[in-house]
Amino acid sequence: MKSPVTVTVTGAAGQIGYALLFRIASGDMLGKDQPVILNLLEITPAMGALEGVAMELNDCAFPLLQGLNPTDDAERAFDKCDYGLLVGAMPRKQGMERKDLLSANGGIFGPQGKALNKGASRDVKVLVVGNPANTNALIASANAPDLDPSCFNAMMRLDHNRAISQLAEKTGAATTDISGVTIWGNHSSTQFPDLYHAKVGGAEALSKIDEEWYKDDFIPTVQQRGAAIIKARGASSAASAASAAIDHMRNWALGTEGSEWVSMAVPADGSYGIEPGIMFGYPCTCANGKYEIVQGLDLNDFAKEKIAATEAELREERAAVEHLLS
Ligand code: NAX
């Protein structure tokens, strides 16, 4: 058995937290041979509910769960953190402008970045799930100057999995037959779900579907799936979001398979013309605990236009929180 690693989950008493913690503790994220210590961060008013979640985690008697620390103190939560899942965020309230939402979240992700900077492992892997995820990840990273920016990702994996599922359903293929899907840019409705390099059972995806369906049906369905879930369920995606977070972290920690890539929002580094300064959804492979952006994919004019639009939105978000980045 390996020695335990510390996993910090914020917003741990929320609905994604409830779907996430039990899977981490059962070994779905880091493997059945990796014991974990769970540090659970919540705001003070939610500590009672968090205590209940902790009681249930204990009641599962998970063999891999070697420690459980609920707290409302960010420094305690991120002390010796090896993996951070930053789920807790400020929801948009009625009448709130996008700019206000970005700033309010800055008040959460700035201090959490500082706490990570102070106490986390120097090769910590931080996945930001709380929305607006890309810009929250940017704020956390900017407030953690001693940690390499590549320690911070934001989650595109739910969009990626939704795209795979939609394409599988349309073509009658199994989800495991689908590869080469990318979600570029922001985890928002400007994201670009790209099927131009996707394969279904080894054949070009676009030879199996018509372009009209791709552009007029598939893209908006994937972009607006979150809203469709809220409409149907009366609550936002939770179990699927938790499952996507598990997938993202597992690939980052344990690697992707063969030449298969996944979508991850990572610090832009100039790849595909996206200059540094934003967290951008890219096709990535992972090995030895590091991600790498897949290079050399051809982008047609349609793809370039869509990627430029989602980049513009991320630059606008950045401009709204510039004061929180130093
Ligand atoms: P909930 O409202 O159920 O839970 C959020 C929890 O975070 C609450 O328990 C709250 O007390 C806690 N919290 C708030 N501020 C905190 C802080 N400063 N420190 C620690 N905890 C704090 O929301 P839930 O449905 O779990 O969603 C969480 C976040 O995920 C939201 O921002 C949501 O928009 C985002 N999502 C992101 C997705 C993605 O693909 N990136 C998809 C699903 C989801 O919509």
Side-chain angles (χ1 to χ4, degrees), residues 8-21 39-54 69-78 81 84-93 96 98 101-116 126-140 143 152-163 183 185-189 191 193 222-231 233-249 262-265 279 281 314 317:
T8 305
V9 178
T10 76
Q15 55 154 4
I16 294 177
Y18 195 68
L20 182 62
L21 295 169
N39 287 357
L40 310 182
L41 181 66
E42 260 297 350
I43 50 173
T44 312
M47 286 307 286
L50 185 60
E51 201 48 53
V53 175
N69 307 304
T71 179
D72 57 2
D73 176 345
E75 286 195 6
R76 278 192 60 202
F78 289 116
C81 169
L85 293 107
L86 275 50
V87 179
M90 171 84 75
R92 194 172 192 153
K93 297 193 185 118
M96 213 180 197
R98 191 172 173 80
L101 178 72
L102 285 159
S103 282
N105 276 295
I108 295 175
F109 289 85
Q112 289 184 0
K114 287 189 171 68
L116 279 156
V126 178
L127 174 64
V128 176
V129 175
N131 279 321
N134 302 50
T135 297
N136 288 341
L138 186 70
I139 295 169
N143 282 275
F152 292 85
N153 285 183
M155 188 164 94
M156 309 297 291
R157 188 61 174 267
L158 180 55
D159 311 292
H160 180 94
N161 288 346
R162 286 167 172 167
I183 311 293
N186 200 2
H187 167 71
S188 77
S189 56
Q191 64 178 254
V222 174
Q223 287 171 332
Q224 287 152 31
R225 186 69 164 178
I229 302 279
I230 293 174
K231 194 161 170 241
R233 205 174 86 87
S236 57
S237 318
S240 55
S243 195
I246 296 273
D247 289 348
H248 181 122
M249 273 300 199
V262 292
S263 304
M264 302 167 80
M279 292 279 175
L314 281 167
E317 289 188 12

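Values below: all heavy atoms of this structure, side chains included; hydrogens, waters and symmetry mates excluded. Order of appearance sets the numbers: ligands from 1, and atoms from 1 within every ligand.
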Visitor: Answer with yes or no whether the side chains of Asp159 and Gln223 bring together a donor and an acceptor at under 3.5 Å.
Guide: no
Visitor: Give me the nearest non-hydrogen protein atom to atom 18 (N) of ligand 1 as residue plus atom name, then the distance to 0.1 Å.
Guide: Ile108 CG2, 3.4 Å
Visitor: Among all the protein's non-hydrogen atoms, which is closest to atom 17 (C) of ligand 1, and how far away is it?
Guide: Ile43 CG2, 3.6 Å
Visitor: Under 4.0 Å from a heavy atom of Leu158: which atoms of ligand 1 are those, numbered in the order shown and with their elements?
Guide: 40 (O), 42 (C)
Visitor: Under 3.5 Å, is there a donor-acceptor pair between the side chain of Thr135 and the main chain of Glu317?
Guide: no
Visitor: Determine whether any protein heavy atom is located less than 4.0 Å from atom 36 (N) of ligand 1.
Guide: yes
Visitor: Considering both backbone and side-chain atoms of Ile16, is one of its nitrogen or oxygen atoms within less than 3.5 Å of a nitrogen or oxygen in ligand 1?
Guide: yes
Visitor: Donor-acceptor pair, Gln15 side chain versus Ser236 backbone, under 3.5 Å?
Guide: yes
Visitor: What I'd like to find out is whether the side chain of Leu86 reaches to under 4.5 Å of the side chain of Asn136, using heavy atoms alone.
Guide: no
Visitor: Just to be sure I read this right, does ligand 1 sit under 4.0 Å from the backbone of Ala241, its side chain, both, or neither, counting only heavy atoms?
Guide: side chain
Visitor: Based purely on interatomic distance, does Asn131 place a nitrogen or oxygen under 3.5 Å from a nitrogen or oxygen of ligand 1?
Guide: yes
Visitor: Taking 4.0 Å as the limit for heavy-atom contacts, which would you say applies to Val87 with ligand 1: side chain only, backbone only, both, or neither?
Guide: both
Visitor: At a 4.0 Å cut-off, with the gap strictly under it, does some heavy atom of Ala238 reach an atom of ligand 1?
Guide: no
Visitor: Apply the test side-chain contact (heavy atoms from CB on, under 4.5 Å) to residues Asn161 and Ser240: give CA-CA distance (whole Å), side-chain angles for both, the deciding distance (0.1 Å), then the verdict.
Guide: CA-CA 9 Å; Asn161 288 346; Ser240 55; over 6 Å; no
Visitor: When you measure from the side chain of Asp73 to the backbone of Glu75, do you find a donor-acceptor pair of N or O atoms at a distance under 3.5 Å?
Guide: yes
Visitor: Using a 4.0 Å cutoff against the non-hydrogen atoms of Ala13, which atoms of ligand 1 qualify?
Guide: 9 (O)
Visitor: Note the single closest protein heavy atom to atom 12 (C) of ligand 1, along with its residue, its atom name and the distance in Å.
Guide: Glu42 OE1, 3.2 Å
Visitor: Tell me: protein heavy atom nearest atom 5 (C) of ligand 1, and distance?
Guide: Gly14 CA, 4.2 Å
Visitor: Checking Asn131 against His187 for the side-chain contact (heavy atoms from CB on, under 4.5 Å) test, could you report, in this order, the C-alpha distance in whole Å, the side-chain angles of both residues, the deciding distance, and whether it holds?
Guide: CA-CA 8 Å; Asn131 279 321; His187 167 71; 3.1 Å; yes
Visitor: Given 3.5 Å as the limit, does a donor-acceptor pair link the side chain of Asn134 with the main chain of Met279, or not?
Guide: yes
Visitor: Under 3.5 Å between any N/O of Thr10 and any N/O of ligand 1: does that happen in this structure?
Guide: no
Visitor: Go through Leu40 and Asn69 one step at a time and tell me if the side-chain contact (heavy atoms from CB on, under 4.5 Å) criterion holds.
Guide: CA-CA 6 Å; Leu40 310 182; Asn69 307 304; over 6 Å; no
Visitor: Relative to the heavy atoms of Ser236, which atoms of ligand 1 are at a distance of less than 4.0 Å?
Guide: 25 (O)
Visitor: Does any N or O of ligand 1 fall below 3.5 Å from an N or O anywhere on Gly11, backbone included?
Guide: yes
Visitor: Which residue and non-hydrogen atom of the protein lie closest to atom 14 (C) of ligand 1, and at what distance in Å?
Guide: Ala89 O, 3.8 Å
Visitor: Just let me know how Gln112 lines up against ligand 1, side chain, backbone, both or neither, with a heavy-atom cut-off below 4.0 Å.
Guide: side chain
Visitor: Could you check whether any side-chain heavy atom of Glu42 comes within less than 4.5 Å of a side-chain heavy atom of Leu50, counting everything from C-beta outward?
Guide: yes
Visitor: What is the nearest protein non-hydrogen atom to atom 3 (O) of ligand 1, stated with its residue, atom name and distance?
Guide: Gln15 N, 2.9 Å
Visitor: Report yes or no: does Asn105 contribute a side-chain atom to a donor-acceptor pair with the main-chain N or O of Met90 at less than 3.5 Å?
Guide: yes
Visitor: Considering non-hydrogen atoms of the protein only, which is the closest contact for atom 39 (C) of ligand 1, and what is the distance?
Guide: His187 NE2, 3.1 Å
Visitor: Of the choices Val129, Leu101, Val128, Leu50, which has the non-hydrogen atom that lies closest to atom 41 (N) of ligand 1?
Guide: Val129
Visitor: Against ligand 1, does Ser237 come closer than 4.0 Å with any heavy atom?
Guide: yes
Visitor: Does the side chain of Met155 come within less than 4.5 Å of Val128's, by heavy atoms?
Guide: no
Visitor: In terms of atom number and element, which parts of ligand 1 are under 4.0 angstrom from non-hydrogen atoms of Gly88?
Guide: 7 (O), 13 (N), 22 (C)
Visitor: Donor-acceptor pair, Thr8 side chain versus Cys81 backbone, under 3.5 Å?
Guide: no
